[in-house]
Protein chains: 2
Amino acid sequence: MKADGQKFISCTRIAEGLDLDPTSVRKDLAFTGIIGRPRIGYDLVELMEAIATFLGWRKSKEAFLVGAGDLGRALMGYQGFREHGLEIIAAFDKDPALIGQQIHGKEVLDVTSLSDLISRMGIFIGIIVTPAAVAQEVADTMVAGGIEAIWNFAPVRLVVPDTVIVENVELSASLSVLSSRLSDARKAPTEQ
Amino acid sequence: MKADGQKFISCTRIAEGLDLDPTSVRKDLAFTGIIGRPRIGYDLVELMEAIATFLGWRKSKEAFLVGAGDLGRALMGYQGFREHGLEIIAAFDKDPALIGQQIHGKEVLDVTSLSDLISRMGIFIGIIVTPAAVAQEVADTMVAGGIEAIWNFAPVRLVVPDTVIVENVELSASLSVLSSRLSDARKAPTEQ
DNA sequence: TAGATTGTTAATCGATTAACAATC
DNA sequence: TAGATTGTTAATCGATTAACAATC
């Protein structure tokens, strides 16, 4: 809409686009601190900025990624995370064949240096993209180095001190939701 | 626990492990139709089976994946989806350099044949792992072929007939949650 | 038997929705 | 002015939690 030259957006329109109740949208937007204008709506640029700030996109966040497999590569190559303030500084792996190589312009380092580099460089976000079997071990290493938050893609519930934030990405859970909805739809094909 | 030779599991224990209320666990498990035994708990194998069936893991689901980039490769290589009944039959791409190649033992086909193959092979799940710009186009092609459900990894809200199920994986949303929790934790370091 | 656990009803809590005055 | 929209209070709805009899 910004590209279309629009200056304002009403919660009515947002609600339509997202299939939500307009009141919900107003309540949620109120959290960002933005103030709209009756009859007009919200200033588009101001709203985008308010949301970005509220979600912490404006704070640049350096991160280390562990596990230089396909998924690790995919995350390193995705440009969209930049807009959210995330910068993946380096990848770590234990495979000697990978160490020293470059992936999407970032070096792959030896995982034995992970903890040390986290504390020395003051990195506070760790991304775990390893097989499940070693995820806890990697998490422990990150915690030892002083990590503050872990973005975990391994299908494991990590055990960490509760000062450390863990955000799990559960692809299998998403697949299960799809799978379950598909079963439901077939049971009651008339509805939905 | 099954590997440890345990035969029964109580919702009390499940609740502890997942940090939930035991009553919530009982209510949720009731949905699967399982019946527990007072004092004993639920039969472990029976429970695993009930959950698997409820979530549709027992129905094998053939899928086509579109977009043979890093993320597409990662999904094709991940064995865990098999346990949930998903089998990725083939990948599709428009890049001539990729077409004809094998990825994790599966062939990469020309995306121009996607719609035709979906209908001829009776495939009902499509996985979109393309750049955002072409995701809607791919979705349209899938719908034209008669797809029933789309697992969408592209950061786009797909527009499809409401008979088609769309399950979005929003990695950026997950990152935003992490980002936001990190901001909150720093505002109120005493709590949490 | 005593005590742990299930299944279920009732109470609480919070989120969503409805309603509406204020505003431009 | 009329009407669309915001901000906010009140009502509704559903999910979570508490309570407890039944059971093994």
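Order of the sequence lines sets the chain letters (A, B, ...), proteins ahead of strands, with each chain counted from 1.
The residue A:Arg26 sits close to a base: some heavy atom pair falls under 4.0 Å. Note on A:Ser10: only backbone sugar-phosphate atoms sit closer than 4.0 angstrom, heavy atoms only; bases stay farther off.
Judged by atom type and distance alone, A:Lys27 reaches the base of C:dT17 through a side-chain donor-acceptor pair under 3.5 Å.
Comparing C:dT5, D:dT6, D:dG7 against the side chain of A:Cys11 picks out D:dT6 as the nearest. Checked against D:dT6, C:dT5, C:dA19, the side chain of A:Thr12 finds its nearest nucleotide in D:dT6.
At D:dT17, one or more side-chain N or O atoms of B:Ser24 fall inside 4.0 Å of OP1 or OP2 (strictly under the cut-off).
Judged by the 6.0 Å and 45° rule, A:Arg26 forms no cation-pi pair with A:Tyr42. A cation-pi arrangement, defined by a distance under 6.0 Å to the six-membered ring centre and an angle within 45 degrees of its axis, is absent between A:Arg73 and A:Tyr78.
Side-chain atoms of A:Lys61 come within 3.5 Å of backbone N or O of A:His84 as a donor-acceptor pair.
Each of A:Ser179, A:Ser180, A:Ser176, A:Ser183 was checked for a side chain to side chain donor-acceptor pair (under 3.5 Å) with B:Trp57, and the lone residue meeting it is A:Ser176.
Between the CD1 atom of A:Ile14 and the C1' atom of D:dG7 there is a distance of 15 Å, rounded to whole Å. Rounded to whole Å, the distance from CZ on B:Phe8 to P on C:dT6 is 12 Å. The distance from atom CG of B:Asp28 to atom P of C:dG7 is 13 Å, rounded to the nearest whole Å. Taking atom CG of residue B:Asp21 and atom P of nucleotide C:dG14, one finds them 14 Å apart after rounding to whole Å. One atom, CD of B:Glu46, and another, P of C:dT6, lie 13 Å apart when rounded to the nearest Å. For the pair A:Phe31 CZ and D:dG7 P, the interatomic distance rounds to 14 Å; values are reported in whole Å. Going from atom OH of A:Tyr42 over to atom C1' of C:dC24 covers 15 Å, rounded to whole Å. Counting to the nearest Å, the P atom of D:dC24 and the CZ atom of B:Arg37 are 9 Å from each other.
Pairing for D:dA18 goes to C:dT9, judged as Watson-Crick or G-U wobble with the two contacts each under 3.5 Å. Across the strands present, D:dT23 finds its partner in C:dA4; the criterion is a Watson-Crick or G-U wobble pair with both atom distances under 3.5 angstrom.
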* Determine, step by step, whether A:Leu44 and A:Met1 satisfy the side chain to side chain contact (heavy atoms under 4.5 Å, CB included) criterion, reporting the C-alpha distance in whole Å, the side-chain angles of both residues, the deciding distance to 0.1 Å, and the verdict. => CA-CA 8 Å; A:Leu44 191 54; A:Met1 297 181 72; 3.9 Å; yes
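Mapping A:Arg39 and A:Leu20 onto DNA chain C via the closest heavy atom, the residue that lands nearer the 5' end is A:Leu20.
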